[in-house]
Structures are given as C-alpha cells and as structure tokens.
Engineer: 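Dropping a structure here in structure tokens format, bear with me for questions.
Order of listing sets the numbers, starting from 1, for every ligand and every atom in it.
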Amino acid sequence: MFKNKTAVVTGGSQGIGKATALKLAEGGADIVIIHMGSEEDAKAACAEFEAFGVKSKAIRMDVSDFNAVKEAVAEIIAEFGSIDILVNCAGITRDGLIAMMKEDAFDAVINVNLKGTFNMIKHCTPHFIKQRSGAVVNVSSVSGIMGNAGQANYSTSKAGVIGLTKSTAKELVARGVRCNAVAPGFIATDMTANLSKNNKLADSIPMKRMGTAEEVADLICFLASDKASYITGEVVKVDGGIAM
Ligand code: NAP
C-alpha cells in the first residue's frame, strides 16, 4: 500500500508513533523517525522497520527547533528522494492546574506539540508543492476538542493542532496535498503509564478500556493512504466513545 513512498514519523521511537511507523513499513514505506531518546532504542526500532525489507533512518532532534527541522527535512530529501507521508506524533505532557502551572510548563508543551508540528509542515511544504502531492496526519487529542482540567497547556496545544490541520488542508488542497488529524482518547503508552492502573478511568470510557497504540496507528495509516484520497481537513476521534 505504501511501496515507493517515504514516510517521516516524528515521535516514531515508541508508543503511537512507533506503532504507526511499523505499519507503514509493513505496507512497504521507507521510514524516517524523529525522536529525542537514546540512539540505542532508535537503532533497535530501525531494525524492526527494516525487517519488512524497507530502508530506515533515525534522526535525534527536537521538533521545536525551527532550524534543526529545516536541516533534517533537507537531509531526508537528499537521502530518500522525497517525503510522501508526514506523521506528526511527537508530543509531551507537563500536567498541572492553571493556578499552579509554571510558565515553562506551558511553553514547553506548546513548543513541542504545536510549534513542532508547524515546523515539520512548514519545512516540508515547499517540497510537497514541488512534487504536487503529500499526505500529512497530525496527532491531536480529545483534550484538544473537549478541554481537560489539569491540562491547559496540553489541550491548548492539541486544539492548536486542529486549527493548523485545517489551515494546512485549505492552503495545500490545490497542490494535491491532504492534511488530517486524529484525536485519540486514553491510549496505553508510556505517556499514560501512570493512568493505566486506575480502574475508574476505564469506567469513564464507554468501551470500558484504554485503546492501544495499534488502534490509533490503523487510523493514521488509513488517513495517510490513497484509500483516504477524498478526505482532507478532517479530525477523526479514536477514543472508545469518550468524547461522543
Ligand atoms: P510517548 O510514548 O511518550 O511517545 C512520545 C514520542 O514523542 C516519543 O517518540 C518521543 O521521543 C517523542 N518526542 C517527545 N518530545 C520530542 C521532541 N521535542 N522532539 C522530537 N520527538 C519528541 O507518547 P504517545 O502516547 O505515543 O503519544 C504520541 C502522540 O499521541 C503525542 O502527540 C500525544 O500527545 C498523542 N496522544 C496520546 C494519547 C495517549 O493517551 N497516549 C492520547 C491523545 C493523544 P523519545 O521517547 O525518543 O524521547
């Protein structure tokens, strides 16, 4: 399904990003992951992608660094020839009530989750326009749709990602580029490790369980694929019904 395509997945070293990169690799895409973790973990992830017979590369880089993203995008295009799929999955949380939240906790989350997504789209855009194609999938959150007490920074960043998704979709639709977002609910990954033992949380979800990274990855891969050729500017929830 993704043969002869190159996919860039930020936050592709673990969790939802890694599950997505694995499925894209299984479909035949060459994979570039962008991460902030250890080189060892990234190498191990690349070995898993390459087991599907595709090329892969890991770049350790902070997505909130505008110039570093510019250089990385140029490096990827030089080495892989193109970027066909961009999945913006890198994200962090620094939860706290507004009354207690420090300025740096607000700025850090906005910088990685929102500005990082902008940086990636911004620097891929000239390439997308030139090749007259591209599929972007941004990872938002139900927190960005509903708001969440204790997550003013995070829900603001994820609401911003929705605005960015729709603006990108409108700006680039005439150039053959689609841009969509997914809005996961509670998904069992490292990010939510401290929540997963809370039974009350599962009770609050209509499906009575947290989702898996693979369930989100399936949706991202669908939106990134030609099967979604008539879908752009959309935000699709994958949340076990929590935000309905
Ligand atoms: P995760 O397991 O913590 O993975 C986060 C990924 O982002 C890691 O690969 C991490 O790299 C990378 N990352 C963090 N800061 C970065 C930076 N400054 N530059 C580049 N990469 C960076 O989290 P996850 O649960 O899979 O979350 C993935 C996305 O889904 C996030 O955007 C998150 O907000 C969103 N989401 C998650 C849930 C959930 O319930 N889990 C719900 C809704 C939305 P390293 O680990 O290598 O440092």
Engineer: Identify the closest protein heavy atom to atom 3 (O) of ligand 1: which residue and atom is it, and at what distance?
Structural biologist: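 Its nearest protein heavy-atom neighbour is Gln14 NE2, 3.3 Å.
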Engineer: Can a non-hydrogen atom of Ser140 be found less than 4.0 Å from any atom of ligand 1?
Structural biologist: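 Ser140: in contact with ligand 1 (<4.0 Å).
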Engineer: Just need the protein heavy atom nearest to atom 34 (O) of ligand 1, so name the residue and atom and give the distance.
Structural biologist: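 Result: Tyr154 OH, 2.5 Å.
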Engineer: Just to check, does Met210 reach to within less than 4.0 Å of ligand 1 when the distance is taken from its heavy atoms?
Structural biologist: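 No.
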Engineer: Decide yes or no on side chain to side chain contact (heavy atoms under 4.5 Å, CB included) for Ile231 and Phe222, but give the supporting numbers first.
Structural biologist: CA-CA 10 Å; Ile231 302 176; Phe222 168 72; 3.9 Å; yes
Engineer: Who's the nearest protein heavy-atom neighbour of atom 17 (C) of ligand 1, and how far?
Structural biologist: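 Nearest neighbour among protein heavy atoms for atom 17 (C) of ligand 1, to 0.1 Å: Met36 CG, 3.3 Å.
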Engineer: Would you give the length of the straight line joining atom NZ of Lys18 to atom SG of Cys89, rounded to the nearest 0.5 angstrom?
Structural biologist: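 The SG atom of Cys89 is 13.0 Å from NZ of Lys18, to the nearest 0.5 Å.
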Engineer: Around atom 42 (C) of ligand 1, find the nearest protein heavy atom and jot down its residue, atom name and distance.
Structural biologist: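 Ranking protein heavy atoms by distance from atom 42 (C) of ligand 1, first comes Gly185 O, 2.9 Å.
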Engineer: Have Glu234 and Asn180 got a donor and an acceptor in their side chains that come within less than 3.5 Å?
Structural biologist: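 The answer is no; no qualifying pair exists.
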Engineer: So among Asn138, Thr165, Val161, which one has a side chain to side chain contact (heavy atoms under 4.5 Å, CB included) with Asn88?
Structural biologist: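 Exactly one candidate clears the test, Asn138.
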Engineer: Take Lys43 and Glu50 through the salt bridge (Lys or Arg N to Asp or Glu O under 4.0 Å) test and state the conclusion after the steps.
Structural biologist: CA-CA 10 Å; Lys43 255 192 196 158; Glu50 285 165 19; over 6 Å; no
Engineer: Side chain, backbone, both or neither: which part of Asp62 comes within less than 4.0 Å of ligand 1 when only heavy atoms are counted?
Structural biologist: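 Both backbone and side chain.
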Engineer: What heavy-atom pair brings Phe52 and Ala25 nearest, and what distance separates the two atoms?
Structural biologist: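 Looking at all heavy atoms of both residues, the shortest contact is CB-O, 3.5 Å.
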Engineer: Distance to 0.1 Å, residue and atom name: give those for the protein heavy atom nearest to atom 22 (C) of ligand 1.
Structural biologist: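 Nearest protein contact, heavy atoms only, for atom 22 (C) of ligand 1 is Ala90 CB, 3.6 Å.
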Engineer: Closer than 4.0 angstrom, basic N to acidic O: yes or no for Lys57 and Glu79?
Structural biologist: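 Here Lys57 pairs with Glu79 in a salt bridge, since their nearest N and O are under 4.0 Å apart.
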Engineer: Can you find an N or O of Thr189 that's nearer than 3.5 Å to an N or O of ligand 1?
Structural biologist: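 Thr189 vs ligand 1: N/O contact under 3.5 Å present.
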Engineer: Hey, could you give me the CD/OG distance between Glu39 and Ser13, rounded to the nearest 0.5 Å?
Structural biologist: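 Going from the CD atom of Glu39 to the OG atom of Ser13 covers 11.0 Å.
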Engineer: Can you tell whether the side chains of Asp218 and Lys23 come within less than 4.0 Å, N to carboxylate O?
Structural biologist: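 The answer is yes: the pair qualifies as a salt bridge.
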Engineer: Starting from atom 9 (O) of ligand 1, locate the nearest protein heavy atom and write down its residue, its atom name and how far away it is, to 0.1 Å.
Structural biologist: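 Among all protein heavy atoms, the one nearest atom 9 (O) of ligand 1 is Ser13 OG, 2.8 Å.
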Engineer: If you measure from each non-hydrogen atom of Ile92 to ligand 1, which part falls under 4.0 Å: side chain, backbone, both or neither?
Structural biologist: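 Looking at Ile92 and ligand 1, just side chain atoms fall under 4.0 Å.
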Engineer: Under 3.5 Å, N or O to N or O, is Phe186 touching ligand 1 that way?
Structural biologist: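 No, no N or O pair falls under 3.5 Å.
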Engineer: Relative to the heavy atoms of Ser141, which atoms of ligand 1 are at a distance of less than 4.0 Å?
Structural biologist: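 Heavy-atom distances to Ser141 below 4.0 Å select 43 (C), 44 (C).
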Engineer: So Lys166 and Val235, side chain to side chain contact (heavy atoms under 4.5 Å, CB included) or not? Walk me through it.
Structural biologist: CA-CA 9 Å; Lys166 294 183 180 187; Val235 182; 4.0 Å; yes
Engineer: Considering Gly91, Cys89, Ala213, which one's heavy-atom position lies nearest to atom 29 (C) of ligand 1?
Structural biologist: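 Looking at heavy atoms only, Cys89 sits closest to atom 29 (C) of ligand 1.
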Engineer: Restricting to non-hydrogen atoms, name the atom on Ile31 and the atom on Ala21 that form the minimum distance, rounded to 0.1 Å.
Structural biologist: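 Smallest heavy-atom distance, with atoms named: CD1-O, 3.5 Å.
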Engineer: What residue and heavy atom of the protein are closest to atom 20 (C) of ligand 1, and at what distance?
Structural biologist: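 So the nearest neighbour among protein heavy atoms is Met61 O, 3.2 Å.
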Engineer: What's the spacing between Ile77 CD1 and His123 NE2 if we round to 0.5 Å?
Structural biologist: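 Between atom CD1 of Ile77 and atom NE2 of His123 there are 11.5 Å.
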Engineer: Identify the protein heavy atom lying closest to atom 12 (C) of ligand 1, giving its residue, its atom name and the separation to 0.1 Å.
Structural biologist: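 For atom 12 (C) of ligand 1, the nearest protein heavy atom is Gly11 CA, 3.6 Å.
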Engineer: Which of the numbered atoms in ligand 1 are below 4.0 angstrom from a heavy atom of Gly37?
Structural biologist: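 By the 4.0 Å cutoff, the relevant atoms are 45 (P), 47 (O), 48 (O).
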Engineer: Look only at interatomic distance and state if Gly17 has a nitrogen or oxygen under 3.5 Å from any nitrogen or oxygen of ligand 1.
Structural biologist: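 In fact, backbone or side chain, Gly17 has no N or O that close.
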Engineer: Need the ligand 1 atom indices (1-based, order shown) with element for anything under 4.0 Å from a heavy-atom of Ile16.
Structural biologist: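 What qualifies from ligand 1 is 26 (O), 30 (O), 37 (C).
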Engineer: Provide the number and element of each atom of ligand 1 under 4.0 Å from a heavy atom of Val139.
Structural biologist: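 Matching atoms, with element in brackets: 29 (C), 30 (O), 35 (C).
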Engineer: Is Thr192 close to ligand 1, meaning an N/O of one under 3.5 Å from an N/O of the other?
Structural biologist: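 There is no such contact.
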Engineer: Among Ile85, Val238, Ile16, find the residue that satisfies the side chain to side chain contact (heavy atoms under 4.5 Å, CB included) test when tested with Ile220.
Structural biologist: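 Testing each of Ile85, Val238, Ile16 against Ile220, the sole residue satisfying side chain to side chain contact (heavy atoms under 4.5 Å, CB included) is Ile16.
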Engineer: Any N or O of Val112 that comes nearer than 3.5 Å to an N or O of ligand 1?
Structural biologist: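 N/O-N/O distance under 3.5 Å: no.
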